[in-house]
Amino acid sequence: MFWADELAASATGRQVINDSKTPSGTVHVGSLRGPVVVDTITRAFRDAERDVELRYGVDDLDPMDAQALLTPDAIEQFMGVPLSVVPDPAGDCHASYARHFAQVFIDTFAGLGIRPDTYYWMSEVYGSGAMDRYLRTALDAAGTIREIYRRVANVNHPDDWHPAMVICESCGRIGTTIVVGWDGERVRYECRPDLREWAKGCGHAGEVSPFGGRAKMPYNVDWAAKWDLFGVTIEPAGKDLSTRGGSRDRSDAIAREVFGNEPPRNVPYEFLNIGGKKMSTSKGLGASAAKVADVIPPEQLRLLFLRSKPNTAIEFDPAGTDAIPRLFDESDRLAAATAGREVRGELPLDHDRLFAVSLVDPEADVAAEAAAYRPAFSHLALLEQIPGVDLVERVTAEKGSSLTDRERELVEERRVAARAWLEAYAPDRARLAVHYDGVPAGAAELDDLQRSYLAALISALQAVEWNGEALQGAIFATAKQFELPAGRAFAALYLAFLGRDSGPRAGWLLTALSPEFVIARLGEAGSAGVGA
RNA sequence: GGGCGCCUAGCUCAACGGCAGAGCAAGUGACUCUUAAUCACUAGGUUCAGGGUUCGAAUCCCUGGGCGCUCACCA
């Protein structure tokens, strides 16, 4: 059974699935695995006609801690300030930094067919007072929480540490304050200059009621409180959080021992490695990660994540490899199998389910999608390199009937992807290079018969119209005259122009070149001894 | 130092206690009109190593090795 269906089958009752994200910057491809996993689990429940809700939280009360996207003077002003208060660095299109970047990932999710039932903003949840009772319980249990941190994670907070982060009344920072006292109604806090390396507190000390959005709980406590507030039953977490003594362990313990609530089921998931390395914006792999998303359409990106079980790391190396064309091929094979067509080789378990959940639209007509004509990616990449080729026309011819609107969309989507792939990743052998500056060295392999054939083509080609079909006909006809097998005839042409013994349909390739050049080259390659 | 994952054909992976398999790559061949397509065929393995359990182990257990990620600040 497909892993998500298995999970759905093993849970009883109504499910609340939750995930959340801090809107501190742009999303890279690797960080999309979590959302895709969460969405797919939700779909599995929904497909089994189970009651399920997907909630997605925006942790916009978290302090600003990434200075990469701020201007130098903004760094001093805003580091440590809640993201919901930091202005939008991209201009004035959004109310805040948090709103801007949250919109970026909401849009990204939507493009992948991920549609949470509810997006909630933690600044609003705290502001509404919904978290007040948890905050009170946590503050009352400060000693227990300090002990949990010590026991579970070996993190030692000072004895006067309390599980709350106050927004400093003086400077507005939340990342630099520490609560050192709690009298049951008000907290005493200090905004320390040296509490964090990445932000400088103003030194203010004060007393304030922490309720109604004036303070938030630290991450692990906050997480446990959300589980109870929303009745979360399943929350997948990346391996960075799922490690022993990590965030998930701490929050689990806090849920049980402080809030008296059984934590939700975890679905730990591994990451996506690009070329054997984890993705990181700081190591320059971030750029390539962003490009990955440009080259892989949503359906194939979903497949990339979903064909492996969540707890398996995914190795993906698109640079100079055929990993991307093969991802398309796999996708097409699944479609073919789902449509009931014969496919070669083995299929993954429940291949039709895998195909269905890789579709962007959860409501899509799976049978219709599977039946749609899908031109092979590598074939398109090749055609796309020949000037003057009408892709839709060619694909229509190969399909044998006119394309539906959806099929036309697929062609266009793949055309764009193929372009991007050729520019960013394609190995040299996938690139078409006409040797304009001289007969390629590979032409030395030509034998006398092939050379005579090339020479004879000069008049044969001049005798017909300069279009693909006519040239292709002449190439075949001349080969027949010379009793040269078609394969060897074509090889001669490819060697003369491309320096390799295979290539795209020769007639159409030649029409992309000027007649003068073609004739001249045939003359050079056709004379005995050239390149020998 | 702790945790998790991985190690099976050249590459990517499947098989999860019952005959080690696929895709791609490679090789051979077919093809007078899709010629980087399509089709047929071939080859490729001490399943990281060692031990154990079992009628039977790639699979379970133990020991060791290698690779990768991750945590031990914050979120």
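Lettering of chains follows the sequences in order, A, B, ..., and the numbering in each one begins at 1.
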When you compare the protein's N or O atoms with those of nucleotides 72-75 of chain B, which come within less than 3.5 Å of each other, and at what distance?
residue : atom : partner  : partner atom : Å
B:rA75  : O3'  : A:Asp62  : OD1          : 3.0
B:rA75  : O3'  : A:Asp62  : OD2          : 2.8
B:rA75  : O2'  : A:Thr22  : OG1          : 3.2
B:rA75  : O2'  : A:Asp62  : OD2          : 3.0
B:rA75  : N6   : A:Ser247 : OG           : 2.6

Problem - Check: A:Leu380 and A:Val395 side chains under 4.5 Å, non-hydrogen atoms - result: yes
Handout entry: Beyond-backbone contact of A:Ser358 with A:Gln300, side-chain heavy atoms, under 4.5 angstrom
Key = no
Practice task
Determine whether any donor atom in the side chain of A:Thr243 lies under 3.5 Å from an acceptor atom in the base of B:rG2, or the reverse, and answer yes or no.
Solution key: yes
Problem - Atom-pair distance (NZ on A:Lys239; P on B:rG2), nearest Å - result: 16 Å
Scan nucleotides 21-30 of chain B against the protein and return all N/O pairs shorter than 3.5 Å with their distances rounded to 0.1 Å.
residue : atom : partner  : partner atom : Å
B:rG21  : O2'  : A:Glu346 : OE2          : 2.6
B:rA22  : O2'  : A:Glu346 : N            : 2.9
B:rG23  : N2   : A:Arg326 : NH2          : 2.7
B:rC24  : O2'  : A:Asp322 : OD2          : 3.1

Practice task
Could you check how far CG of A:Leu303 sits from C1' of B:rC13, rounded to whole Å?
Solution key: 13 Å
Practice task
Could you check which nucleotide pairs with B:rC69 in any of the strands shown, counting Watson-Crick or G-U wobble with both distances under 3.5 Å?
Solution key: B:rG3
Problem - Minimum side-chain heavy-atom gap A:Asp5-A:Asp350 below 4.5 Å - result: no
Practice task
Check the distance between B:rC4's P and A:Glu315's CD and give it to me in whole angstrom.
Solution key: 19 Å
Completion exercise
Rounded to whole Å, the CG-P distance (A:Leu334 to B:rA14) equals 14 Å
Practice task
Using only heavy-atom distances, determine whether the side chains of A:Tyr120 and A:Asn18 contain a donor-acceptor pair under 3.5 Å.
Solution key: yes
Exercise for the section: Name the pairing partner of B:rA57, where a pair is Watson-Crick or G-U wobble with both distances under 3.5 Å, or state none. Expected result: none
Exercise for the section: Starting at atom CD1 of A:Ile475, determine the distance to atom P of B:rU34, rounded to an integer number of angstrom. Expected result: 13 Å
Problem - Residue matched to B:rA26 through Watson-Crick or wobble contacts both under 3.5 angstrom - result: B:rU42
Exercise for the section: Would you check if A:Leu83 and A:Phe78 make a side-chain contact, meaning some heavy-atom pair closer than 4.5 Å? Expected result: no
Exercise for the section: Answer whether the closest heavy-atom distance between the side chains of A:Arg415 and A:Glu384 falls below 4.5 Å. Expected result: yes
Exercise for the section: Indicate yes or no: at least one non-hydrogen side-chain atom of A:Ser308 is less than 4.5 angstrom from one of A:Arg33. Expected result: yes
Problem - B:rA37 pairs with, by Watson-Crick or G-U criteria that keep both distances under 3.5 Å - result: none
Problem - Watson-Crick or G-U wobble mate for B:rC31, both contacts under 3.5 Å - result: none
Handout entry: G-U wobble or Watson-Crick pairing nucleotide for B:rU63 (cut-off 3.5 Å, both distances)
Key = B:rA49
Exercise for the section: Let me know the distance between CD of A:Gln472 and C1' of B:rA37, rounded to the nearest Å. Expected result: 12 Å
Problem - Ion pair A:Lys216/A:Asp62, N-O distance below 4.0 Å - result: yes
Practice task
Mind calculating the distance between OH (A:Tyr269) and P (B:rG3) to the nearest angstrom?
Solution key: 22 Å
Completion exercise
Under a 3.5 Å limit on both distances, the Watson-Crick or wobble mate of B:rA14 is none
Problem - side-chain contact (heavy atoms from CB on, under 4.5 Å) partners for A:Val267, two or more places apart - result: A:Leu7, A:Ile41, A:Ile234, A:Pro236, A:Pro310
